[in-house]
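Remarks on the structure that follows.
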Amino acid sequence: MKLDSLSSQLDGIKAQGLYRRRRVVEKIHGANAFSDGRPVVNFCSNDYLGLADHPKVMAAFLHGAEIYGVGSGASHLVTGHGPAHHALEEELAEFTRRERALLFSTGYMANVGVIAALAGQGDWIFEDRLNHASLLDGAMLSGAKLKRYAHADAEALRVLMERSPPKERMVITDGVFSMDGDLAPLPELAVVARQAHACLMVDDAHGLGVVGPTGRGVIEHLGLSATDVPVLVGTLGKAFGTFGAFVAGSHDLIEYLIQRCRPYTYTTALPPAVVEATRASLRLVVEETWRREKLRSLVVRFRSGVGQLGLSLMASHTPIQPILLGGNELALQASQSLLESGFLVAAIRPPTVPEGTARLRVTLSAAHEEQDVDRLLEALARLDVD
Ligand SMILES: *Cc1c(COP(=O)(O)O)cnc(C)c1O
């Protein structure tokens, strides 16, 4: 692309209603923030349990910086792998009930890295149509052949696999779908994958900490084993309230990734203070079960309220509660008018979601109070979306 064509490209993006503009969001406390200087209640953060500013998480971060300084100074394979990283990996392995876990700097890198390490040219990868972009990018980087199956449809996957050559195969899915909030049909996918001798990988970025009786994610909620899902990716910037990601699985999987995963090898390890903060938040995820309970009751309250307004909700029982509007401009206008009422709710447009399915992506958090939800419902009732 020529640099002198950028301005006409930008005009084209604007004409489609797809222009993206960043707001400056300044967090105050919990879900309260300033958006470009305007006080708002944030209804689009992924801090589902409200742990990002928990006093114990903040204290662990400060203490970590006092002991270790700020930067880790190098990649894990050089000198960046410290005692905090090592301890968190052991704690995450225990939390996910797997042999080992490996820390990554971001979920994007974990997904791209794991897929490109496990699949290559000549292999086949099958992904849900609505998988997170990082899972698609990983497949592209791997050089494997990528096939996408109809959303959450294990039968469609089975048919697609039957028609493909008996090569090395991976089946990859979000656990909780990030823009729809529904769950992958993991028991069915696991059966199809097993019959086809394929490896099933689940990215549970939005499930861990939130879904399942003890917050161990969709795998716990749906009663699957580590044999059913040998490769599990989790992120730490959402329900854990900090930053980073990890892959959990067998001893051999983790050792292989240490040898062969380029986004693991060629990047600086997470700052140890961030890791200490995550160790504190992991303890809170396990201990403060009231956060999940509060979140569940807010989800029920929100869904019954929106149902009464006649707006179009999706089949989600997670804290991701999108309201489907369709048009890009409509979604933008709705988001803007909610902002004027003091609520920050992101309009999600293509290519993040399929064409014609622009939506308001409302997310709930244990940091919200019932009256926050009730006031949001009142503002939604005032929206003009017909
Ligand atoms: C947010 C997200 C990621 C990326 O995680 P980061 O740590 O933010 O890079 C990966 N997968 C899914 C499903 C996500 O929602």
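Quick note: residue numbers are just sequence positions, from 1. Numbering of ligands and ligand atoms starts at 1, following listing order.
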Using a 4.0 angstrom limit on heavy atoms, which residues are close to ligand 1? T106, G107, Y108, N111, H132, S134, D174, S178, D203, A205, H206, T235, K238, G244

Not counting sequence neighbours, which residues clear side chain to side chain donor-acceptor pair (under 3.5 Å) with T214? List them please.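 Here the qualifying residues are R216, E220.
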
Side chain of [X], backbone of [Y]: donor and acceptor closer than 3.5 Å?
X    : Y    : result
D53  : G30  : yes
R194 : D228 : no
D180 : F177 : no

Would you call E378 and R375 a salt bridge, taking side-chain N to carboxylate O under 4.0 Å as the test?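 Answer for the salt bridge query: no.
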
With distance as the sole criterion, is a donor-acceptor pair present between the side chains of H85 and H76 under 3.5 Å? no

